[in-house]
A.B. asks: 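Here's a structure for you.
Excluded from the calculations below are hydrogen atoms, water molecules and symmetry mates; all remaining heavy atoms, backbone and side chain alike, are included.
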Amino acid sequence: MSCASCVGRVERALATVPGVSHVAVNLATERAQLQVMANVSAADLTAAVAKAGYEARVIAEGNSNTADQAVRQAAETLKLKRALLVAALFALPVFVLEMGSHLVPGLHEIIARTIGMQASWYLQFVLTSVVLFGPGLRFLQKGIPALLRGAPDMNSLVATGVSAAYAYSLVTTFAPQWLPVGTINVYYEAAAVIVALILLGRYLEARAKGNTSEAIKRLIGLQAKTARRWRNGNIAEVAIAEVSRGDLIEVRPGERIPVDGEVMEGQSFVDESMISGESIPVEKQKGTAVIGGTINQNGTLTFRATKVGSDTMLAQIIRMVEQAQG
């Protein structure tokens, strides 16, 4: 997916699957969350997405896939950076040859007297072809099929614009007799520069997404994996997913608080800087609230869990960051 129209198209495709009642697709995290009213197979969902022209796969239960996504985003950012450098390297001389006289008066006359305007057009043709069928090929490969499906996206817009400028310039260069007098002009610089600028935007977007994904990864890393739970007079260490609202949880010095709750026994100071930004540890005693993801410092606390799972403050912050990223 590359734009908001892609998101809408994927959402509509998933909504057509029988049994799906609600779909929410996030462009930045590249994920879709669904509410279903009946049994829906993963094959039906992926087939619906494929029919819309995209690719989908199921994330295994309990696997946020954050590491895999970070690797893919880093690879895509590097790929975009290389494409941008190549496009800029070849687009700059095209721009200078065709538009340089606007900055340096008389440049066109110098070109005409030295290599000649026709040779200049041949050179622009070669350089622009490298840009379009090298770094810019991604827009043609994605945009034209989407246009033919009757579902144009941002890639289709770029592909249409650069193709029109390139095709007209080809006619001007190699068959000028086909054009009326006074319309013999080339627009190679438009095609090359558009590709370079769009790649610049995509690269900056990918960098921003990567930075936000790293922030989300750090937030997810704040979540405790286990909790020490009191039940029937016994204490046992259980997975965080097994903690329920109302359970009594014990946190010892240096441990991370697993879920939100209210202190029932004990006194300590808790480092909440990772959540609130407050650098000074906050005193906790009976009746005060504790936040999942924060670190207990110098005393043992026993608290009753009030929010677990997706209801905790940390989980809500992660969702807010993901929504802002999208």
A.B. asks: Apply side-chain hydrogen bond (donor to acceptor under 3.5 Å, both in side chains) to Thr312 and Asp260, showing your working.
C.D. replies: CA-CA 6 Å; Thr312 63; Asp260 296 359; 5.1 Å; no

A.B. asks: If the condition is side chain to side chain contact (heavy atoms under 4.5 Å, CB included), which residues does Pro152 pass it with, not counting sequence neighbours?
C.D. replies: Leu147, Ser156

A.B. asks: What side-chain donor-acceptor pairs closer than 3.5 Å can you find for residues 241-250, not counting sequence neighbours?
C.D. replies:
residue: Arg245; atom: NE; partner: Thr306; partner atom: O; Å: 2.9
residue: Arg245; atom: NH2; partner: Asp311; partner atom: OD2; Å: 3.1
residue: Asp247; atom: OD1; partner: Arg231; partner atom: NH2; Å: 2.9
residue: Asp247; atom: OD2; partner: Arg231; partner atom: NH2; Å: 3.3
residue: Asp247; atom: OD2; partner: Ser244; partner atom: N; Å: 2.8
residue: Glu250; atom: OE1; partner: Trp230; partner atom: NE1; Å: 3.3
residue: Glu250; atom: OE2; partner: Arg252; partner atom: NE; Å: 2.9
residue: Glu250; atom: OE2; partner: Arg252; partner atom: NH2; Å: 3.3

A.B. asks: Roughly how far, to the nearest 0.5 Å, is CG of Asn296 from CG of Asp271?
C.D. replies: 10.5 Å

A.B. asks: Taking the side chain as C-beta and beyond, is there a heavy-atom pair between Val251 and Thr300 under 4.5 Å?
C.D. replies: no

A.B. asks: Give a yes or no answer on whether the side chain of Thr294 reaches the backbone of Val290 with a donor-acceptor pair at less than 3.5 Å.
C.D. replies: no

A.B. asks: Return the set of residues passing salt bridge (Lys or Arg N to Asp or Glu O under 4.0 Å) with Arg228 (not counting sequence neighbours), or none when no residue passes.
C.D. replies: Glu255

A.B. asks: Around Met274, counting heavy atoms of other residues, nucleotides and ligands shown, do more than 12 lie under 6.0 Å from its CE?
C.D. replies: yes

A.B. asks: Which pairs with one or both residues in residues 46-55 pass side chain to side chain donor-acceptor pair (under 3.5 Å), sequence neighbours excluded?
C.D. replies: Arg9-Tyr54

A.B. asks: Checking Phe269 now: which residues fulfil ring pair (Phe, Tyr, Trp, His ring centres under 6.0 Å) with it, not counting sequence neighbours?
C.D. replies: none

A.B. asks: If you count heavy atoms of other groups shown closer than 6.0 angstrom to CG of Leu148, is the number above 12?
C.D. replies: yes

A.B. asks: Are Leu34 and Val10 connected, step by step, through hydrophobic side chains (Ile, Leu, Val, Met, Phe, Trp, Tyr) whose heavy atoms are closer than 4.5 Å?
C.D. replies: yes

A.B. asks: My understanding is that only residues two or more places apart in sequence, or in another chain, count here; which of them pass side-chain hydrogen bond (donor to acceptor under 3.5 Å, both in side chains) with Arg202?
C.D. replies: Asn155

A.B. asks: With no hydrogens and no angle check, just 3.5 Å: does a side-chain donor-acceptor pair link Thr226 and Glu237?
C.D. replies: yes

A.B. asks: What's the separation between atom OG1 in Thr160 and atom CG in Leu140, rounded to the nearest 0.5 Å?
C.D. replies: 9.5 Å

A.B. asks: Hey, is CZ on Arg149 packed in by over 12 heavy atoms from elsewhere, all under 6.0 Å?
C.D. replies: yes

A.B. asks: With sequence neighbours excluded, tell me which residues meet salt bridge (Lys or Arg N to Asp or Glu O under 4.0 Å) with Glu76.
C.D. replies: Arg138

A.B. asks: Hydrophobic side-chain clustering at under 4.5 Å (ILVMFWY, transitive links): who's grouped with Val193? Put none if nobody.
C.D. replies: Phe95, Met99, Leu197

A.B. asks: Say whether, by atom type as modelled, one donor and one acceptor occur between the side chain of Lys286 and the main chain of Gly266 under 3.5 angstrom.
C.D. replies: no

A.B. asks: Rounded at 0.5 Å granularity, tell me how far CG in Leu92 sits from CG in Leu89.
C.D. replies: 8.0 Å

A.B. asks: What residue pairs, at least two apart or across chains, pass salt bridge (charged side-chain N to carboxylate O under 4.0 Å, His left out) with a residue in residues 98-113?
C.D. replies: none

A.B. asks: Closer than 3.5 angstrom, by distance alone: can the side chain of Arg256 be matched with the main-chain N or O of Gly293 as a donor-acceptor pair?
C.D. replies: yes

A.B. asks: Could you grab the distance from atom CD1 of Ile275 to atom CD1 of Ile291, nearest 0.5 Å is fine?
C.D. replies: 6.5 Å

A.B. asks: To the nearest 0.5 Å, tell me how far Ser101 OG sits from Ile111 CD1.
C.D. replies: 7.5 Å

A.B. asks: Once rounded to the nearest 0.5 Å, what's the spacing between atom CG of Leu301 and atom CD of Glu262?
C.D. replies: 12.5 Å

A.B. asks: Starting from the C-alpha separation in whole Å, work towards a yes-or-no answer on side chain to side chain contact (heavy atoms under 4.5 Å, CB included) for Ser21 and Val36.
C.D. replies: CA-CA 5 Å; Ser21 61; Val36 297; 5.8 Å; no

A.B. asks: Please collect all side chain to side chain donor-acceptor pair (under 3.5 Å) contacts where either partner lies in residues 186-197, sequence neighbours excluded, each pair once.
C.D. replies: Thr173-Tyr188

A.B. asks: Taking the side chain from Ser276 and the backbone from Ser273, do they hold a donor-acceptor pair closer than 3.5 Å?
C.D. replies: no

A.B. asks: If you measure only the distance, is there a donor-acceptor pair under 3.5 Å linking the side chains of Asp153 and Ser5?
C.D. replies: no

A.B. asks: Less than 3.5 Å apart, which donor and acceptor atoms pair up between the side chains of residues 126-136 and the rest of the protein, not counting sequence neighbours?
C.D. replies:
residue: Thr128; atom: OG1; partner: Gln124; partner atom: O; Å: 2.8
residue: Ser129; atom: OG; partner: Phe125; partner atom: O; Å: 2.7
residue: Ser129; atom: OG; partner: Tyr166; partner atom: OH; Å: 2.6

A.B. asks: In the hydrophobic clustering (ILVMFWY, side-chain contacts below 4.5 Å, transitive), which residues join Val181, or is it alone?
C.D. replies: none

A.B. asks: How about Glu265: does its CD atom have over 12 heavy atoms from other parts shown lying under 6.0 Å from it?
C.D. replies: no

A.B. asks: For the side chain of Ser169 and the backbone of Ala165, is there at least one donor-acceptor N/O pair under 3.5 Å apart?
C.D. replies: yes

A.B. asks: Would Val259 and Ile240 satisfy side chain to side chain contact (heavy atoms under 4.5 Å, CB included), going step by step from the backbone distance to the final call?
C.D. replies: CA-CA 8 Å; Val259 295; Ile240 191 69; 3.6 Å; yes

